[in-house]
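Notes follow the structure.
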Amino acid sequence: MKKHYLRRIKPNNKMRIRIFLQFALILLIITGAILSVARPLFLAIIENGLAREMKSAFSEIENAYNSGQTVSNLVRSIEVRDDIILEIYEKSDSGEFDKNIFCQMVYGVYDSEKEEVPSNTPLLDFKNNKFTVDKKYADTTAIGELTNEKNNNRYFVVTKESTDSKLLFVSALNYSVFNNQVRVLYSALIAIICSLSIITIIAVYIYITKVTNPLKKMTEETLVMASTQNEKLRVTTRKRHAFFTEMDSLVLGINKMYKSLLQTKEALMQELDEKEKAEKIKNDMLSAISHELKTPITIIRGYAEGLPYIAEEKSTLCEYTDTIIGECDRLNNLVMNMLTFLKIGNNSFVIKPHKFDINNLIESYLQIYKTVFTDKGITAINEIDKPIYGFADEELLKYLLNNILSNAVSYIGGGKQIKIRYEEIDGFYRIYVFNSGNGIEPEHIDRIWESFYREDPSRLQIDGHFGLGLSIIKSIQEVHDSKYGVQNTDGGVEFWFDVKKDS
């Protein structure tokens, strides 16, 4: 059963997988969003970068041109350096930039300064193809796309007029090169994102494992705690340190709550036990009282009904009346015992302790029982040879001592001897009352303090006892917060009770 239960609560990875998948989904969404905006962003970045480079090249060429230098070599070096195509147009008398002073041909280069005749058609041929402008700026810069209708090549083109508006500079980059640059950057970005994602996933998995392992262990331990009622069980946690986390606080809270629940449960169970015990005592008491009242009432009724028939027989009449009186005394004794038991058992009962001589109290009760001792051939010995002063409710102690002596007389046997002695124990006088006879059987010794409990019901009923005497002794000692007990000794039984010393 236990193994099956432990197997049922064995930790699984559902929580870890659920958290990991949620994070992976979030990471996937973020990655997709980044990649969706990355390509247009890279296009814009590359376009702006190329535009700046080309405008810088334009300024460099213009400065060389205005200073009278030959620009063909400079233009070629810029083309090679920046991997672009350059064309330069001069404004004619018509006001149009229709005079080509430099361009890259399909074969070779046309340079008006060297009066070279083109070997073939221009590679870009800006003036004879359609240029679609995407952006135009106040400094005469224009950015757009040009398609060469002869070879269907598409170019990224930047144009700009010179400062004196006499020249038109045209730079172009084949879109295959342009897209290749975008592709390289985009691939690099994907590689970086994938690497970071893998590293992040591994780190998150380790972190989730670190977080969920205590949670799974906590779940296992709380299930065990819920299935048992061991106050020593605790959800394990680390000791307080600089990195004491909310998880540790949660564990401490669970442990405190578990301890509080156990204490509350224990208090409730104790209260229920007390109620059940009180109810049982009540039912047992009613049953016992009914039983105890039935016998003497039946005897009294029977003898009372017989009185008219023996009125002239004096000896028999006396016997009948003595029996009736004896049964009435038994009933009175029962009622008085019940009243005393109920009074002491009441939680509102207040004792009235004062200083008194315990030895004097014992001597007085030995005198009261002197006739009984004589009639039964009992020898009573008080081994206390000096006054000993206690602090307790003397009236209750009288009742206690009377019940112990009465119990000793009822159970006396063997040498028919009663001995009383004392010891000093931790601020108390412990009074021992020994009576010779048979010891108490082990199965009865723990139950003799219960109300109406009888070791030998038939004999106790004959002696006029109802099983309340020892339970009253127990109640008296409990209201005094003092100990009591009984032990089998050589040749008999010894009851004892503690009385607080007078300070």
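On a predicted model such as this, the values are computed, not experimentally measured, just so you know.
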- request: Give the intermediate values and the outcome of side-chain contact (heavy atoms from CB on, under 4.5 Å) for residues I61 and V75.
  value: CA-CA 7 Å; I61 296 169; V75 172; 3.8 Å; yes

task: Using a cut-off of 6.0 Å, state whether more than 12 heavy atoms not belonging to D139 lie near its atom CG.
output: yes

- line: The side chain to side chain contact (heavy atoms under 4.5 Å, CB included) partner of F97 among T159, L168, V170 is L168

message: Using the rule side chain to side chain contact (heavy atoms under 4.5 Å, CB included), only one of I88, T163, V71 pairs with E62; which is it?
response: T163

- prompt: Does F169 have K160 sitting over its ring (NZ/CZ under 6.0 Å from centre, angle to axis within 45°)?
  reply: no

- prompt: How far apart are the closest heavy atoms of V499 and F497, and which atoms are they?
  reply: CG2-CE1, 3.7 Å

query: So do the side chains of C103 and N100 get within less than 4.5 Å of each other, counting heavy atoms only?
result: yes

- request: Kindly say whether N153 contributes a backbone atom to a donor-acceptor pair with the side chain of N148 at under 3.5 angstrom?
  value: no

- prompt: Is the closest side-chain heavy-atom distance between L361 and F356 below 4.5 Å?
  reply: yes

message: I'd like to know if the side chain of T489 and the backbone of E494 have a donor-acceptor N/O pair within less than 3.5 Å.
response: no

query: Has the side chain of S36 got a donor or acceptor atom that lies under 3.5 Å from a matching backbone atom of G32?
result: yes

- request: For D164 and L167, work out which heavy atoms get closest and say how close.
  value: OD1-N, 4.4 Å

message: Go through it in stages, so that I can follow the logic: the residues are K91 and E96, the test is salt bridge (charged side-chain N to carboxylate O under 4.0 Å, His left out), and I'd like the CA-CA distance, side-chain angles, deciding distance and then a yes or no.
response: CA-CA 5 Å; K91 187 180 287 186; E96 297 291 333; over 6 Å; no

statement: Between the OG atom in S171 and the CD1 atom in I78, the distance rounded to the nearest 0.5 Å is 10.0 Å

- request: Starting from the C-alpha separation in whole Å, work towards a yes-or-no answer on side-chain contact (heavy atoms from CB on, under 4.5 Å) for S197 and T31.
  value: CA-CA 9 Å; S197 298; T31 302; 4.0 Å; yes

query: Would you say the side chain of I358 lies within less than 4.5 Å of the side chain of Y389, judging by non-hydrogen atoms?
result: no

side-chain contact (heavy atoms from CB on, under 4.5 Å) between F102 and E90, intermediate numbers included: CA-CA 9 Å; F102 182 90; E90 188 178 27; over 6 Å; no

- line: In short, A64 meets L74 closest at the heavy-atom pair CB-CD2, 3.6 Å

- prompt: Can you check whether D393's main-chain N or O pairs, donor with acceptor, with H480's side chain at less than 3.5 Å?
  reply: yes

message: Any non-hydrogen side-chain atom of K127 less than 4.5 Å from a side-chain atom of Y89?
response: yes

message: If I compare all heavy atoms of I143 with all of A51, which pair ends up nearest, and what's the gap?
response: CD1-CB, 3.8 Å

message: Can you confirm whether the side chains of Y155 and E145 place a donor and an acceptor under 3.5 Å from each other?
response: no

- prompt: Does the side chain of F495 come within less than 4.5 Å of L470's, by heavy atoms?
  reply: yes

query: Side chains of I388 and I431: does their closest heavy-atom pair fall under 4.5 Å?
result: yes

- prompt: Counting only N and O atoms by type, is there a donor-acceptor contact under 3.5 Å from the side chain of N63 to the main-chain atoms of S59?
  reply: yes

Pairwise distance CD(E276) to CG(D273) - rounded to 0.5 angstrom: 6.0 Å

- prompt: CG/L400 to CD/Q477 distance, rounded to the nearest 0.5 angstrom?
  reply: 5.5 Å

message: Closer than 4.0 angstrom, basic N to acidic O: yes or no for R81 and E79?
response: no

- prompt: If you measure from CD1 on I440 to CG on N488, what distance do you get to the nearest 0.5 Å?
  reply: 6.0 Å

task: Assess whether salt bridge (charged side-chain N to carboxylate O under 4.0 Å, His left out) is satisfied between K483 and D498, documenting all intermediate values.
output: CA-CA 6 Å; K483 296 180 180 179; D498 288 349; 5.9 Å; no

message: Is there a salt bridge (charged side-chain N to carboxylate O under 4.0 Å, His left out) between K501 and E424? Walk through the geometry before answering.
response: CA-CA 9 Å; K501 289 182 179 180; E424 295 185 33; 2.6 Å; yes

- request: Would you mind reporting whether Y399 and I473 have side-chain heavy atoms less than 4.5 Å apart?
  value: no

- line: Taken to the nearest 0.5 Å, the spacing of I202 CD1 from I206 CD1 works out to 7.0 Å

message: ring pair (Phe, Tyr, Trp, His ring centres under 6.0 Å), that's the test. Do F126 and F131 meet it? Break it down for me.
response: CA-CA 7 Å; F126 176 77; F131 174 54; 5.4 Å; yes

message: Determine whether E53 and K55 satisfy the following criterion, salt bridge (charged side-chain N to carboxylate O under 4.0 Å, His left out), listing intermediate values before the conclusion.
response: CA-CA 6 Å; E53 290 179 3; K55 285 166 69 175; over 6 Å; no

task: Let me see the working for R154 and L146 under side-chain contact (heavy atoms from CB on, under 4.5 Å), right down to the final yes or no.
output: CA-CA 6 Å; R154 293 172 57 246; L146 182 140; over 6 Å; no

message: Tell me the closest heavy-atom pair linking K135 and N48, and the distance in Å.
response: NZ-OD1, 4.3 Å

task: Could you tell me whether the side chain of D82 and the main chain of I84 form a donor-acceptor pair under 3.5 Å?
output: no

- prompt: For the residue pair Y484 and W449, does the interplanar ring angle fall in the parallel (under 30°), tilted (30 to 60°) or perpendicular (over 60°) class?
  reply: perpendicular

statement: Note: V493 and V486 closest approach over all heavy atoms is CG1-CG2, 3.5 Å

field: Min side-chain heavy-atom separation V158-E47 under 4.5 Å
entry: no

task: Measure the spacing between NZ of K166 and CD of E161 and express it to the nearest 0.5 Å.
output: 13.0 Å

